[in-house]
Amino acid sequence: MKKTKILVDREPLSSDYIESRQNFGHVLSQMKNLKPPVWKSAWFYGPIGLAVVTIALTFSNLKSEDSEDTPTAARNTQANTINTLMNESNFVSDLAVNATTETNSFVNEGDEGSQSNPSNHSETSSSNVGGPEMVRDEPVQEEIILEEVTTEESKKLNQFPHFDNHFFGEIPVAKLCSEKGLQINDEVKIRSYKIQFFNGKGDESRTVVGESIPEEICELIREYNMGSMVFITDIIGESKNGETAHFASTNFTPHF
Amino acid sequence: MAVNPVYHQSNQKLQEELDWILRAKKDPECFGPLYKKYHEQIFRYIYQRMDDQELAFDVTSQVFIKAMKNLHKYEYRGVPFSSWLYRIAKSELYQAFRDRKARKTVNVESMHLFEMIEEFEEDDSEANKAKLIQCLAELNENDLQLMELRYFEKRSYREIGEILDITENNAKVRSFRALEKLKVLFVK
């Protein structure tokens, strides 16, 4: 960077001269003709968005593959088995009901054979009793389904790093430099990440330990990076179980 | 120390300014009064730090274009609108130093230099003036900025705080420390 030039007693400009150079019409037309920055254009967000979605899908698929080895799979099998049993028992009870109806109608018609064979009736009754008994198993199935729903909900936890719900793009510098810092979700705590920014001389990359960006970096961001991108990469988080995981990189454009 | 009358305003003036801002948020053409009010102030801030007059006018225009474009993000915090404009100006200045290869400049008046020499209790000779200029060039960017704002542009601590996005007290402490550093360099 060039050394600062010090000028002594430069001829001052008069207020009238400065006023004569005012041109609000020009500023207004320039503002209207201003094109959005590259990172706001559709062609940029197309591929970038696609890449983000692909990464997200890959990430969630990997997660679900890992969790398939867990007891959830066993519970799914159990639930399927119970469902099959339920269907069978309903079928059996339907049959039993039909059989009873038929038997009753037969009795009404005065068939003594059916009356003289109570064991048949009792068998039918027992099979009839079997129906309600199996139906009583229903709460068990409900319980399992509820468990599955809970598991699904836990999977929906946010996996993308964010500063106060700003996931990428423009962000007020106060939020970027807030004490809360980079977050993932309640289950994961940020351990470290790299931040790349312009320091007045060139691009600088620093590793941040913890969640919040140190004040010294914030000052450089306020000084040199307003309106230009700051990159957050190599994000490492730690779950409550002590497991570490890497998270998708992101970028922000701080503004006032 | 002189008080910038455009910066330090009555509540009534601030309210009037807020009305202009709200109108300009709906219709950019209503930004005119704000442009007229602050153009000179922002230009002088930029030209103070630049050698090239035309480029300074150009950067000033950029500041207002950016301000109009981002006006929807502006939130009134009880301080003059100019503090927001100064921050944009600062960012645009650095961008000009970076992208347009503009030369970073500090403009000082001999009178201010002699005032400073007197504060250091030294003789106000030409030799000491030259020495002080040399010492100023040795200061780091942040300290030099504080010296400019406080001692060459004669701004109040409150105004410095609002421009630098720090508290008034912090501005006072930092300015004092910067002056101390300069003194150490000068008497060495």
Side-chain angles (χ1 to χ4, degrees), chain A residues 1-37 40 169-175 177 197-203 215-216 218-228 253-256, chain B residues 28-29 31-33 35-36 39-41 43-44 47-49 51 53 56-57 60-70 73-75 84 87-88 90-92 94-95 97-98 101-113 129-130 133-134 136-137 139 141-142 144-145 164-166:
Chain A
M1 191 174 237
K2 287 177 202 167
K3 209 166 162 54
T4 307
K5 182 179 173 183
I6 298 184
L7 290 176
V8 183
D9 295 330
R10 183 171 67 180
E11 201 180 325
L13 294 176
S14 70
S15 295
D16 290 339
Y17 174 70
I18 297 169
E19 201 182 330
S20 71
R21 297 289 303 264
Q22 284 188 3
N23 190 351
F24 182 61
H26 174 71
V27 169
L28 196 66
S29 64
Q30 286 255 307
M31 197 275 283
K32 282 176 182 169
N33 294 334
L34 210 63
K35 285 178 183 170
K40 283 185 180 174
E170 292 202 342
I171 182 171
V173 71
K175 285 190 177 174
C177 292
F197 56 95
F198 181 72
N199 66 4
K201 292 171 187 165
D203 287 329
E215 185 51 33
E216 154 199 15
C218 284
E219 275 187 18
L220 290 169
I221 290 173
R222 283 190 204 105
E223 194 99 39
Y224 303 108
N225 287 265
M226 302 310 285
S228 55
T253 309
H255 63 78
F256 298 106
Chain B
E29 289 189 18
F31 195 86
Y35 176 82
K36 207 169 160 45
H39 179 268
E40 185 180 339
Q41 206 174 325
F43 170 76
R44 287 198 187 278
Y47 189 45
Q48 172 72 19
R49 288 153 181 82
D51 196 13
Q53 193 189 116
F57 275 115
T60 308
S61 295
Q62 284 301 318
V63 171
F64 284 99
I65 291 168
K66 211 160 207 179
M68 286 166 78
K69 199 175 153 268
N70 293 299
K73 292 177 195 165
Y74 174 78
E75 284 170 26
W84 192 63
R87 275 179 240 164
I88 298 174
K90 201 171 142 192
S91 157
E92 285 300 306
Y94 282 113
Q95 202 164 328
F97 294 143
R98 203 164 60 211
K101 312 283 176 212
R103 184 86 187 263
K104 194 173 187 313
T105 311
V106 175
N107 285 289
V108 286
E109 286 175 35
S110 294
M111 190 182 72
H112 296 146
L113 290 174
K129 185 179 146 187
I133 291 170
Q134 208 180 338
L136 278 170
L139 281 179
E141 220 164 276
N142 289 337
L144 188 58
Q145 182 177 237
L164 300 180
D165 203 13
I166 54 177

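The chains referred to below are lettered A, B, ... by the order of the sequence lines, with proteins before strands, and numbering in each begins at 1. Note that the coordinates shown come from a computational prediction; the quantities given were computed from them, not determined experimentally.
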For chain A, the option from [options] that forms the most heavy-atom pairs under 4.5 Å:
| options | answer |
| --- | --- |
| B/L136, B/N107, B/L164, B/I166 | B/N107 |
| B/A137, B/S91, B/S110 | B/S110 |
| B/Q95, B/K36, B/M111 | B/K36 |

Pick one of side chain, backbone, both or neither for [X], based on which atoms fall under 4.5 Å of a heavy atom in chain A.
| X | result |
| --- | --- |
| B/R49 | neither |
| B/R98 | side chain |
| B/F64 | both |
| B/Y74 | neither |
| B/D165 | side chain |
| B/Q134 | neither |

The side-chain contact (heavy atoms from CB on, under 4.5 Å) partners of A/K32 (sequence neighbours excluded) come to A/L28, B/E29

For A/E219, check side-chain contact (heavy atoms from CB on, under 4.5 Å) against everything at least two apart and list the hits. A/E215, A/R222, B/N142, B/R174

Name the member of A/R10, A/R21, A/H26 that forms the most heavy-atom pairs with chain B at distances under 4.5 Å. A/R10

Can a donor-acceptor pair be found, under 3.5 Å and without considering hydrogens, that links the side chain of B/E92 to the backbone of B/T60? no

Donor-acceptor pair, distance only, cut-off 3.5 Å: does the side chain of A/S14 make one with the backbone of A/P12? no

Do B/F31 and B/Y35 have ring centroids that are under 6.0 Å from one another? no

Check: B/F43 ring centre within less than 6.0 Å of B/F57 ring centre: yes

Hey, are the side chains of A/E19 and B/H39 touching, using non-hydrogen atoms and a 4.5 Å cut-off? no

